[in-house]
Amino acid sequence: MILNIIIGLFRALGRFFSRLFRGSGQASRTATEAGSSMAAKSADRKDPPRDDELAEPVGGGVEAMLFKQLARPRLSEQSASDLTLEDARVYLEQAERFYTFDFNLFARSDFFYEEVEEDYLNTALGLGENSIDGRFLQIMSLFRRTLNDNTRRLMMVFPPLILTGCLGASAVLAPSLSARLTPLTTGLDLSFIDPHILASILAFTGLSLIGVLLALLIFSWPFKVAQQRNLLNLDNYLTSKFARINHNFQVAKRRALNVERNKRMSQTEELKDEAGVWTLSYQWFAMRLLLCEQMIRNRLYQVRRNTILYWLGGIGLTTIVGVVAAILAQRFAAPLPGLTIGILSATVLYIVLTYGIFQRTTSLFAAVLEENEWSRFHLVDLHRTIQDHVGEDKVQIVTFRDRNRME
C-alpha cells in the first residue's frame, strides 16, 4: 500500500516534468502525427518498411529517461486479400531457399549454441535478402537488445550506485550517531555494548534498507513499466503478423483445393503450374510460422540467459563496492571501530534483499506475452490440410476415371 502511494507520487511528478519539457513541441508533433496517420492509411501495404522506425527508442516520462522503450513496429506482412499468384511465386523463391538449404552439420564451436541456431534461422528466413521476414528478424534483434539493455542497467548499474551512495551517507552519519549513543549506553549501564560498533551497524543497516526500498521502487515502477510496454508492443506485433500469415495460409489452401474449377482440359500446363504454386505456398506459410516461432524462442532464451548473467554480474559488482568500501574504512578510518563490520553487514543485507527482488524479472515474459493468442504452427493443422488435399484429389481422379469407363 505504502509502496503504491510512493510510486503514484513519483509517476505524477514524472508526468508533470515530461509535459513541462515537451509542451512547446506538442502542437507541431500532433499535426505531424495526424498527417502521418492519414498518409499511413492511404499508403499501399506493399510499400517497403521504414528503417527509421527501428533507429531510435521512443517513449516519454521518467520511464523513458531511465530505460529504453520501443513502439509497436509497423506490420509489413501482406494481407490475404492482396495475395495474388504473382505474389505467391515470390514467396516460392523464398521457400526454395529454405527447402534447398544445405546447413552445416559441423557448426562452429561457439560457447552458446543458440547463436548457431540463430544463424540457421536467419539464413532460412532470408535475413539480408529483402525477404518478408527479414524485417521480423531485425525487430526481434532490436527487442532482444532493448530488453537486455534495460535488465543490465537495472541489475548492474543502479544497485552498485545506490549502495555506494548509502555507504557514503552511512559513513557520514555513523560518527554523529556514535556520539549520541555513547552517553545513552553509559547512563543505562550498558558498558558491554560498544557504542561505536552499534552506531556503525545501525547507520549502515538502516541506510542499506533505504537503498533496498529505492531499488524496489526502480524495479516496480520505471523498469517494470518500460519492460511491460516493450513486451506488449512485441506481443501485439507478433499477434498481428502471425494472424496475417495464418490468413494467407488459409487463402492459399483454398486456392490450391479449388484451382481446377477455373481451368479447362486445354489448360493443363497452367493448371499444373498454378496448383503447384498454391500448394507449395500454403506449406511455406506454415513453415514460416514454425521458423518464426523458433526465432522467438531463441530470442527469449537469450534474454532469460543474459538476465541470469546480469544478475550474477550485478551481485559481483555490488560485492566489490562493499569490499572496497570496507578496505578503505579499515585503512583510513581506523579511529572509528565497527565501521568495517557495519559496511560488510550492510552490503550482505543489501545484496540479499535487492537481488532477491530482482529474481522476479523473468516472470514478466510469461505474464505479458500471450502465446495462446498467436496463430502458431501447431494450430494450422498442416498435416490435416495435406491429408485432405491429397485425399480430395485422389477421389476426383477415381471419380473421373470410373465415369470415363462407364461412358
Side-chain angles (χ1 to χ4, degrees), residues 45-46 48-49 73 75-80 82-108 110 113-144 237-238 240-257 259 272-302 371 374-387 389-390:
R45 286 194 182 97
K46 297 183 182 180
L75 188 65
S76 60
E77 188 74 30
Q78 190 174 351
S79 65
D82 297 330
L83 190 62
T84 64
L85 183 61
E86 289 72 21
D87 296 325
R89 295 185 190 277
V90 175
Y91 281 113
L92 289 192
E93 296 177 2
Q94 303 172 14
E96 185 177 358
R97 178 190 58 247
F98 166 71
Y99 286 115
T100 60
F101 177 50
D102 183 17
F103 62 88
N104 186 11
L105 292 178
F106 302 97
R108 68 178 193 267
D110 281 356
Y113 177 75
E114 65 270 15
E115 295 181 2
V116 178
E117 182 188 44
E118 176 185 343
D119 289 343
Y120 165 73
L121 294 174
N122 286 336
T123 305
L125 290 173
L127 179 63
E129 298 182 12
N130 199 25
S131 67
I132 192 65
D133 292 312
R135 176 176 169 79
F136 163 77
L137 298 173
Q138 294 175 352
I139 289 173
M140 291 304 302
S141 295
L142 178 63
F143 272 91
R144 173 183 59 83
Y237 169 76
L238 295 176
S240 301
K241 178 181 176 64
F242 280 27
R244 190 161 289 184
I245 293 177
N246 180 61
H247 292 163
N248 290 339
F249 171 85
Q250 301 298 334
V251 170
K253 179 179 70 172
R254 288 196 301 269
R255 294 181 181 178
L257 292 173
V259 67
K272 179 181 177 181
D273 177 67
E274 189 170 337
V277 169
W278 287 119
T279 300
L280 187 54
S281 291
Y282 76 67
Q283 293 186 40
W284 173 234
F285 283 126
M287 295 308 300
R288 286 180 60 206
L289 283 177
L290 176 63
L291 294 172
C292 289
E293 279 192 69
Q294 290 178 338
M295 178 55 76
I296 294 171
R297 180 187 65 175
N298 181 280
R299 294 306 191 197
L300 293 181
Y301 174 78
Q302 290 190 35
E371 62 178 6
W374 303 344
S375 298
R376 301 177 62 191
F377 173 74
H378 72 279
L379 299 176
V380 299
D381 289 337
L382 177 62
H383 59 298
R384 293 187 181 276
T385 299
I386 296 176
Q387 183 179 9
H389 188 179
V390 175

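Reckoned from all heavy atoms, side chains included, excluding hydrogens, waters and symmetry mates. This one's a predicted model, so the numbers in the text were calculated from it and none came from an experiment.
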Point to revise | Derivation of the side chain to side chain contact (heavy atoms under 4.5 Å, CB included) call for Trp284 and Leu291 | key: CA-CA 10 Å; Trp284 173 234; Leu291 294 172; 4.2 Å; yes
Practice item. Determine, step by step, whether Phe249 and Asp381 satisfy the side chain to side chain contact (heavy atoms under 4.5 Å, CB included) criterion, reporting the C-alpha distance in whole Å, the side-chain angles of both residues, the deciding distance to 0.1 Å, and the verdict. Key: CA-CA 11 Å; Phe249 171 85; Asp381 289 337; over 6 Å; no
Review point. After noting the C-alpha distance and the side-chain angles of Asn298 and Gln302, does the key distance pass the side chain to side chain donor-acceptor pair (under 3.5 Å) rule?
Key: CA-CA 6 Å; Asn298 181 280; Gln302 290 190 35; 2.7 Å; yes
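Side-chain atoms of Ser281 and Arg89 include no donor-acceptor pair closer than 3.5 Å.
Here the side chains of Glu118 and Met140 are not in contact, with every heavy-atom distance at 4.5 Å or above. Tyr99 has its side chain out of reach of Leu92: every pair of non-hydrogen atoms, C-beta onward, lies at least 4.5 Å apart. Between Arg244 and Lys241, the closest side-chain pair of non-hydrogen atoms is not below 4.5 Å. Considering only heavy atoms from C-beta on, Ile296 comes within 4.5 Å of Phe136 through its side chain. Side-chain contact between Val251 and Arg254 is present, with at least one heavy-atom pair separated by less than 4.5 Å. Here the side chains of Glu117 and Arg297 are in contact, with some heavy-atom distance below 4.5 Å.
Considering OH of Tyr91 and CH2 of Trp278, their distance stands at 10.0 Å, rounded to 0.5 Å. The distance from the CZ atom of Phe98 to the CG atom of Asp133 is 11.5 Å, given to the nearest 0.5 Å. A distance of 13.5 Å separates CZ in Phe242 from NE2 in His247, rounded to the nearest 0.5 Å. Rounded to the nearest 0.5 angstrom, Leu125 CG and Ile132 CD1 are separated by 11.5 Å. From Gln283, atom CD reaches atom OG1 of Thr279 across 7.0 Å, with rounding to the nearest 0.5 Å. Within the model, atoms CG of Asn122 and CG of Leu137 stand 5.0 Å from one another, a figure rounded to the nearest 0.5 Å.
Between the Arg97 side chain and the Thr123 main chain, a donor and an acceptor come within less than 3.5 Å of each other. Counting only distance, with no hydrogens or angles, the side chain of Asp87 and the backbone of Thr84 share a donor-acceptor pair below 3.5 Å.
By the ring pair (Phe, Tyr, Trp, His ring centres under 6.0 Å) test, Tyr301 pairs with no residue at all, sequence neighbours left out.
Across every non-hydrogen atom of Leu127 and Gly134, the tightest pair is CD1-O, 3.9 Å.
With Val380 as the fixed residue, the side chain to side chain contact (heavy atoms under 4.5 Å, CB included) test singles out one of Thr385, Asn246, Leu290: Asn246.
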